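In what follows, a structure is listed as C-alpha cells, so that the remarks can point back to it.
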Amino acid sequence: MKVTIDADTCTGCELCCDTVPDVFAMDGNVAKPKVEVVPAELEEAVRDAASNCPVEAIKIIE
Ligand code: SF4
C-alpha cells in the first residue's frame with residue numbers, strides 16, 4: 001500500500017502527523033509521507049488517518 005498527500009488540499013492541521021508519526025511528517029505548512037510504501041502493521045492506522053483528514057487530502061493507493 002502506498003500513500004500520497006495532495007499538498008494543494010492539505011491545510012497543515014497536523015492530525016495525520018500526530019496519529020501516525022512513522023508515516024507522516026510536516027514539511028513546512030503541509031504534511032508529507034515519510035515513506036513510499038506503508039509498512040503492513042501501519043496500514044490500518046494510515047487508513048484511519050485518511051478517513052479522519054478533514055479535507056480528504058490523503059490518498060491511498062492499494
Ligand atoms: S490530516 Fe489532512 S489536512 Fe491535516 S495535515 Fe494531514 S493531510 Fe494535511
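We're numbering straight along the sequence, starting at 1. Note that these values count all heavy atoms, side chains included, but never hydrogens, waters or copies made by symmetry. As the structure lists them, so they are numbered: ligands from 1, and atoms in each ligand from 1. As the structure is a computational prediction, the values presented were derived from the model and not from experiment.
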Heavy-atom nearest neighbour in the protein, as seen from [atom], with distance rounded to 0.1 Å:
atom	answer
atom 8 (Fe) of ligand 1	Cys10 SG, 2.3 Å
atom 2 (Fe) of ligand 1	Cys53 SG, 2.3 Å
atom 6 (Fe) of ligand 1	Cys16 SG, 2.3 Å
atom 5 (S) of ligand 1	Glu14 N, 3.3 Å
atom 7 (S) of ligand 1	Ile58 CG1, 3.7 Å

Tell me which part of Val55 gets within contact of ligand 1: side chain, backbone, both or neither, using heavy atoms under 4.0 Å. side chain

If you measure from each non-hydrogen atom of Val30 to ligand 1, which part falls under 4.0 Å: side chain, backbone, both or neither?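 Neither part.
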
Please examine the side chains of Phe24 and Thr19, heavy atoms only from C-beta on, and report whether any two atoms are closer than 4.5 Å. no

Side chain to side chain, Cys53 and Leu15, heavy atoms closer than 4.5 Å: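 Sidechains of Leu15 and Cys53: no contact.
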
Check [X] against [Y] and note the closest heavy-atom contact, atom names and distance.
X	Y	answer
Asp8	Asp6	N-OD1, 2.9 Å
Ala50	Ile60	CB-CD1, 3.9 Å
Thr4	Pro33	CA-CG, 4.0 Å

Please determine if atom 6 (Fe) of ligand 1 has an N/O/S atom from Cys13 lying under 2.8 Å away. no

Nearest 0.5 angstrom please: Cys10 SG to Ile58 CD1, how far? 8.0 Å

